[in-house]
There are 2 protein chains.
Amino acid sequence: MSLKHSLLVLLADNPATGYDLSQQFKGSVGFFWNASHQQVYKELKQMTEAGWLACDTQAQTERPDKKIYSVTQAGQAALQAWLSQAAKPHKYKDAFLIKLYGGRHIPRPALVKELDEHIAHHKKTLHKLLEIESEYHALSHSQQKKFELPYLTLKLGISNERNWLDWAQETREALNA
Amino acid sequence: MSLKHSLLVLLADNPATGYDLSQQFKGSVGFFWNASHQQVYKELKQMTEAGWLACDTQAQTERPDKKIYSVTQAGQAALQAWLSQAAKPHKYKDAFLIKLYGGRHIPRPALVKELDEHIAHHKKTLHKLLEIESEYHALSHSQQKKFELPYLTLKLGISNERNWLDWAQETREALNA
DNA sequence: TCCAACATGTAACATGTTACATGATTCA
DNA sequence: TGAATCATGTAACATGTTACATGTTGGA
């Protein structure tokens, strides 16, 4: 159920379109949740039918109409209900680690090559997160206060990526030894 | 598709029952993949129908018969095919971080309380992983060599948990400030 | 002239979760 | 006497992925 609740949290800050929300999942929010645009549109439809969201359609001549969603009182209540229950501990799933675990079935160089690809990807992610962090640091104190909690999640993202990269470096050496 | 491939990797090491495999997901393997027992039995059935697994039924008088699965040649081929393609980068999903991100909707003490619960859970996980690590260290050199790759995944699990706990401690202080 | 960004979806399929179901053994 | 472990599943439901579908604008 958490996609619905992620959307509620995002929409509680700012009414937005399905497209906007999908973009947020590609940015910093994507560090802890994400979904394809198809899935987002599907959920928004369901949530609107359930009365959690109101939809304001803005006609556009040259592009598909924009549908701006905002949280209703029922949506607020649903969010509160969800927030008041403890979240289940997060479960990590990483296909690359299965490969590494069963690495004896693949030639070493192939394993190292794939590790390198993942390293490149994680470096890119880290840079993106660090950019977002420097934008945060450039804000005024009052603005920083406003984004205090999102910033805490960003910090986990950053240290997670750093930790992963450190491990990957060691692992790379171990594989080549 | 990765549950099927996790099962192939595990079964390539040792033929096992659905129950055994489910138990492995509760142990160290659970750090990077997991599934409910229902899901495991479902997949084993499908994989057997697809010819990837052979099933040897051991009759037991007092308990349900044990079904011991092993990888067939077709299963080996499927595993190889999967291993030869790059895995997609892992996507992190953590409902607690959504809550933290949208933490302004909850009273601070409630947020801290839930953080504490997660801290307790992560500490437990870390201890479990450290226990497995000390079992590994107690092995002979030749045995250690055999479990070299699984050990690398374990090391990521351990540093990940430590990193999470460090972040959680800082976050706890920031929330109480 | 082609690619990325904007903006929305449907349909088919794959995967995962929750509730229910059975029943013996062993340890506290 | 009650809970945990062993051992297997079915059925209903929820969620997520992949392929397909449409069409404009603005920049390299």
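These numbers come from a predicted model, not from an experiment. Letters A, B, ... are given to chains in the order of the sequence lines, protein chains preceding strands, and every chain is numbered from 1.
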For the side chain of [X], starting at C-beta, report the closest nucleotide among [options].
X       : options                : result
A:Tyr19 : D:dT15, C:dT8, C:dG16  : C:dT8
A:Met1  : D:dA14, D:dT18, C:dC20 : D:dA14
B:Ser36 : C:dT8, D:dA7, C:dT17   : C:dT17
B:Gln23 : D:dC6, C:dA5, D:dG16   : D:dC6
B:Lys45 : D:dA7, D:dT10, C:dG9   : D:dT10
B:Gln39 : C:dA19, C:dT17, D:dT15 : C:dT17
A:Glu43 : C:dT8, D:dG16, D:dA19  : D:dG16
B:Tyr69 : D:dG9, C:dG9, D:dT15   : D:dG9
A:Lys93 : D:dG9, D:dT17, C:dG16  : C:dG16

Query raised in the report: Are B:Tyr41 and D:dT8 close enough that a side-chain N or O sits under 4.0 Å from OP1 or OP2?
Result: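 The answer is yes; a side-chain N or O of B:Tyr41 sits under 4.0 Å from OP1 or OP2.
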Query raised in the report: Does any N or O donor sit under 3.5 Å from an N or O acceptor when you compare the side chain of B:Lys42 with the base of C:dT17?
Result: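 Indeed there is one.
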Query raised in the report: What is the nucleic acid contact for A:Lys88, judged by heavy atoms within less than 4.0 Å: base, sugar-phosphate only, or nothing?
Result: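 Contact class for A:Lys88: sugar-phosphate only.
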Query - Steps toward side chain to side chain contact (heavy atoms under 4.5 Å, CB included) verdict (B:Ile98, A:Trp82) - result: CA-CA 11 Å; B:Ile98 300 170; A:Trp82 180 70; 4.0 Å; yes
Report task. Would you please classify the geometry between the B:Phe31 ring and the A:Tyr92 ring as parallel, tilted or perpendicular, with 30° and 60° separating the classes? Result ->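 If you compare the ring of A:Tyr92 with that of B:Phe31, the planes turn out parallel.
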Requested in this report: For the residue pair B:His122 and B:His118, categorise the inter-ring angle as parallel (less than 30°), tilted (30 to 60°) or perpendicular (more than 60°).
Outcome: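 Judged by the thresholds at 30° and 60°, the geometry between B:His122 and B:His118 is tilted.
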Without decimals, in angstroms, what is the distance between [X] [atom1] and [N] [atom2]?
X       : N      : atom1 : atom2 : answer
A:His37 : C:dA7  : NE2   : C1'   : 9 Å
B:Lys4  : C:dG16 : NZ    : C1'   : 11 Å
B:Lys66 : D:dT5  : NZ    : P     : 16 Å

Requested in this report: Compute both the distance and the angle, then confirm whether B:Lys91 meets the cation-pi test with A:Trp33: under 6.0 Å from the six-membered ring centre, within 45 degrees of the axis.
Outcome: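 No; the conditions do not both hold, so B:Lys91 does not lie above the ring face of A:Trp33.
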Query raised in the report: Is it true that A:Arg104 and B:Asp13 make a salt bridge, defined as a side-chain N closer than 4.0 Å to a carboxylate O?
Result: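 Salt bridge: yes.
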